[in-house]
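These numbers were taken from a predicted model, which means no experiment stands behind them.
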Amino acid sequence: MKLTGGEIVIKQLVNEGVPYIIGIPGHGVLGLFDAIRKEEEAGNIKYIQVKHEQAAAAIADGYFRIKGKPLAVFASIGPGTLNLSIGLGTAYADSTAFLALCGDTHVHMKGVGVLQELERYQDSNIIRSLEPLAKRSWRAESVRQLPRIMRRALNQMTTGRCGPCVVTLPMDVQAEHCDYNTESFEVTHTESLPCADMELIRKAAALMKTAKRPVILAGGGALRAQAGELIQKLAENWGAAIITTLAGKGTVAETHSQYCFHTGSKGTPVGLKISREADVVLALGTRFADETTCSYRKGIAFNFPDTRLIHIDTDPSEIGKNYKADIGITADLVDSVKCLLELNVDYNINDEYLEEIKKLKGEWFKYLKDIREQRTDELTISQLVGLLGETLPEDTIIVTSSGNTQAQLFQEYCYKRPYCNLTTGGFSTMGWAVPAAIGAKLAAPERSVVAFLGDGDFMMMMQELSTIAQYDIPVVVVMADNSGWMAIKDLQIDALGGGAAFGNDFMQGNNVYKPDFKAAAESFGLKAYAESTAGGFTAALSEAVKSGRPAFIHVRVSREYPYSGGKAFGWWDVPIPAYMEDKRIKYEQAVKEETI
């Protein structure tokens, strides 16, 4: 059987059961795109048309986070390929997988400067710009290489620590054919992860048995592994508090009596106190990033090395990278937690500690109640978070990007079920929530999906409302409109002082710039609402979710500091300019306490 390069690629995806391929056609992927046409006409794969390649990557990313199965995206040569870069970086930072197929210069024309080739530094080397953003990347120099490259890419992106893979496809390679047998379609997937070393597991259990204030810290790896039920059981057996990172939020049901929300710069008072006073921390699938650790300032989020650390991760490079582990275990964390449970250790549960957790959580819930009852000029993001929790079905997937909506949902929202939170973590990408919500809805059509974001975030990807409308994907977009990049304005005020607030308000002359977002959403074909009261928002949200149709809800929220955002209870290393002498002195004193 003779197949072109484009046909080999798409038939390989079909053979793997990939249901969607997402992207924007161009002359650089014409051979590939025609192969997509043929397979879609045969009913074997569905092409989804987006309006920006970054959105294609985010859709695939959101899909993988819910389904655990990778999709494929594609982009034409040059600018189209570079438009994928932010989506690749987001997925790579958070260890999620999809396959990026990128058009490239003809093999025999490398270096002549064909349309959209950059060759002055090195011939057709755009793949180099993607290498730091992908787990692995390939350029196919001949059609005969494609079966092997595709097999390797489809295996590697979901093996061990997941990550996106890139294959660049020269235009002539897409169009040329070669002999191809069906056996070439078979991908040998690496299904297993390293098992836990039982000697180390026993040492970990022995250390855990000494704890009076134990903590389980669950990161993005724990969420990705869907280890929540096991973690909850271990916490109950051990008498441990459970804390999640930003990437790990949603690993367990957050209504559990031993759940203490979060530590770090965006953490909660209960989480910060519990983590810094812990005597033993069991860290599962976490990188100990700067926001989780209050930039490694000792005694703020954690107290290592006084606190003992057991660190379990599938990636050995993470263990000991930022904190020295007393016991480091490179293994599948699900297997590791199962092994700890199977030891059936009789831990010494500290009832006073559990009572303290209950008291601290009560104080936190009272704080939230009090701030949501404060009278403000307009609704606050905190009030919206509370109303989302009161109104949405328990299994609703909520998707956030970077900004105050993400920070406050992270800090304040209480998920009643696990595996409902999607957010961009390590790369902190704006413009991610709307397309990622599309991917989540494609992955779980039976569940409600809400994108919760600010207007600055929304305007980076608002064109994808057309994708939602064209394909009738019933995502509900809730936009908190404060006419600016308030997360950065609030940071300027917090770190540098009120006089430093600059350049983040959306202004038109002396007036706040206020586009008619409701009309914009309606022009795309969505049912749209504009609400300004708690009752109006709740009614609109309830109606939108129940309708099973695409919807957009616009809500004006307070721009006034400090009601514009949440309170930072932790610390974050934001360097202070030397000319702000008093603030700089305090900053330098704090930096001396960092252990990194």
Could you check if a side-chain atom of [X] sits within less than 4.5 angstrom of a side-chain atom of [Y], using non-hydrogen atoms only?
X      : Y      : answer
Leu71  : Val18  : yes
Val449 : Thr396 : no
Val143 : Thr4   : no
Asn155 : Arg152 : no
Leu541 : Ile553 : yes
Ser295 : Val574 : no
Thr81  : Ile127 : no
Pro435 : Val50  : no

Which atoms form the tightest heavy-atom contact between [X] and [Y], and what is the distance?
X      : Y      : value
Leu526 : Leu465 : CD1-O, 3.6 Å
Leu99  : Ala153 : CD1-CB, 3.9 Å
Ser124 : Asp104 : OG-OD1, 2.5 Å
Ala528 : Glu522 : CB-CG, 3.5 Å
Ala91  : Phe98  : CB-CE2, 3.6 Å
Ile126 : Ser129 : O-OG, 2.6 Å

(message) Give me each pair satisfying salt bridge (Lys or Arg N to Asp or Glu O under 4.0 Å) with a member in residues 81-100, each pair once, sequence neighbours excluded.
(response)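 Non-adjacent pairs meeting salt bridge (Lys or Arg N to Asp or Glu O under 4.0 Å): Arg65-Asp94.
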(message) Check this for me, if you would: do Glu141 and Arg139 make a salt bridge, where the nitrogen-to-carboxylate-oxygen distance has to be below 4.0 angstrom?
(response)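 Answer for the salt bridge query: yes.
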(message) Can you tell whether the side chains of Glu119 and Lys110 come within less than 4.0 Å, N to carboxylate O?
(response)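 A salt bridge is absent here (no side-chain N lies under 4.0 Å from a carboxylate O).
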(message) For a side-chain contact (heavy atoms from CB on, under 4.5 Å) check, start with the C-alpha distance between Gln406 and Thr424, then their side-chain angles and the critical distance, and finish with the verdict.
(response) CA-CA 9 Å; Gln406 179 201 49; Thr424 168; 4.2 Å; yes
(message) Does Lys546, at its NZ atom, have more than 12 non-hydrogen atoms belonging to other residues, nucleotides or ligands within less than 6.0 Å?
(response)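 No, NZ of Lys546 has 12 or fewer neighbouring heavy atoms, counting only those of other groups under 6.0 Å.
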(request) Might you confirm whether atom CH2 of Trp138 has over 12 heavy atoms from other residues, nucleotides or ligands at distances under 6.0 Å? (result)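 Yes, because the 6.0 Å sphere around CH2 of Trp138 holds more than 12 heavy atoms from other groups.
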Just by modelled atom types, is the [Y] backbone N or O under 3.5 Å from a matching donor or acceptor in the [X] side chain?
X      : Y      : answer
Ser401 : Ala433 : yes
Asp481 : Asp455 : no
Lys69  : Tyr63  : no
His106 : His108 : no

(message) With no hydrogens and no angle check, just 3.5 Å: does a side-chain donor-acceptor pair link Glu16 and His189?
(response)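 On atom types as modelled, these side chains qualify, holding a pair under 3.5 Å.
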(request) Please collect all side chain to side chain donor-acceptor pair (under 3.5 Å) contacts where either partner lies in residues 470-479, sequence neighbours excluded, each pair once. (result)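 Output for this query lists Gln49-Gln470, Lys51-Gln470, Asp472-Arg549.
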To the closest 0.5 Å, what do you measure between [atom1] ([X]) and [atom2] ([Y])?
X      : Y      : atom1 : atom2 : answer
Ile398 : Thr423 : CD1   : OG1   : 11.0 Å
Ile59  : Thr467 : CD1   : OG1   : 5.5 Å
Lys11  : Glu39  : NZ    : CD    : 4.0 Å
Thr400 : Phe452 : OG1   : CZ    : 9.0 Å
Ser483 : Asn504 : OG    : CG    : 12.5 Å
Asp179 : Arg144 : CG    : CZ    : 8.0 Å

(message) Does Asn322 form a side chain to side chain donor-acceptor pair (under 3.5 Å) with Tyr296? I'd like the steps, not just the answer.
(response) CA-CA 8 Å; Asn322 294 329; Tyr296 314 98; 3.3 Å; yes
(message) Run the side-chain contact (heavy atoms from CB on, under 4.5 Å) test on Gln226 and Val334 for me, step by step, so that the C-alpha distance in whole Å, both residues' side-chain angles and the decisive distance to 0.1 Å come before the verdict.
(response) CA-CA 8 Å; Gln226 296 201 339; Val334 169; over 6 Å; no
(message) As a quick check of understanding, evaluate side chain to side chain donor-acceptor pair (under 3.5 Å) for Asp457 and Ser402, giving each step before the final call.
(response) CA-CA 8 Å; Asp457 186 310; Ser402 183; over 6 Å; no
(request) Please find out if less than 6.0 Å separates the ring center of Tyr47 from that of Phe33. (result)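 Centroid distance Tyr47-Phe33: below 6.0 Å, so yes.
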(request) Compute the centroid of each ring, for Trp432 and then for Phe427, and state whether the two points are separated by less than 6.0 Å. (result)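 Here the rings of Phe427 and Trp432 have centres that are no less than 6.0 Å from each other.
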(request) Dump the intermediate steps for side chain to side chain donor-acceptor pair (under 3.5 Å) on Glu291 and His262, then the final yes or no. (result) CA-CA 11 Å; Glu291 283 197 317; His262 319 291; over 6 Å; no
(request) Is it possible for you to check whether Lys527 lies under 6.0 Å from the centre of the six-membered ring of Tyr529, through NZ or CZ, and within 45° of that ring's axis? (result)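 Lys527 over Tyr529 ring: yes.
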(message) I'd like to know whether Glu318 forms a salt bridge (charged side-chain N to carboxylate O under 4.0 Å, His left out) with Lys321, so could you lay out the CA-CA distance, the side-chain angles of the two residues, the decisive distance to 0.1 Å, and finally the verdict.
(response) CA-CA 5 Å; Glu318 294 296 349; Lys321 183 177 78 175; 2.9 Å; yes
(message) Over 60° means perpendicular and under 30° means parallel, so tell me whether Phe458 and Phe552 are parallel, tilted or perpendicular.
(response)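 If you compare the ring of Phe458 with that of Phe552, the planes turn out tilted.
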(request) Could you go through the side-chain contact (heavy atoms from CB on, under 4.5 Å) check for Val29 and Ile24 one step at a time? (result) CA-CA 9 Å; Val29 286; Ile24 298 175; over 6 Å; no
(request) Could you walk me through whether Asp573 and Asp290 pass side-chain contact (heavy atoms from CB on, under 4.5 Å), step by step? (result) CA-CA 8 Å; Asp573 188 339; Asp290 63 328; over 6 Å; no
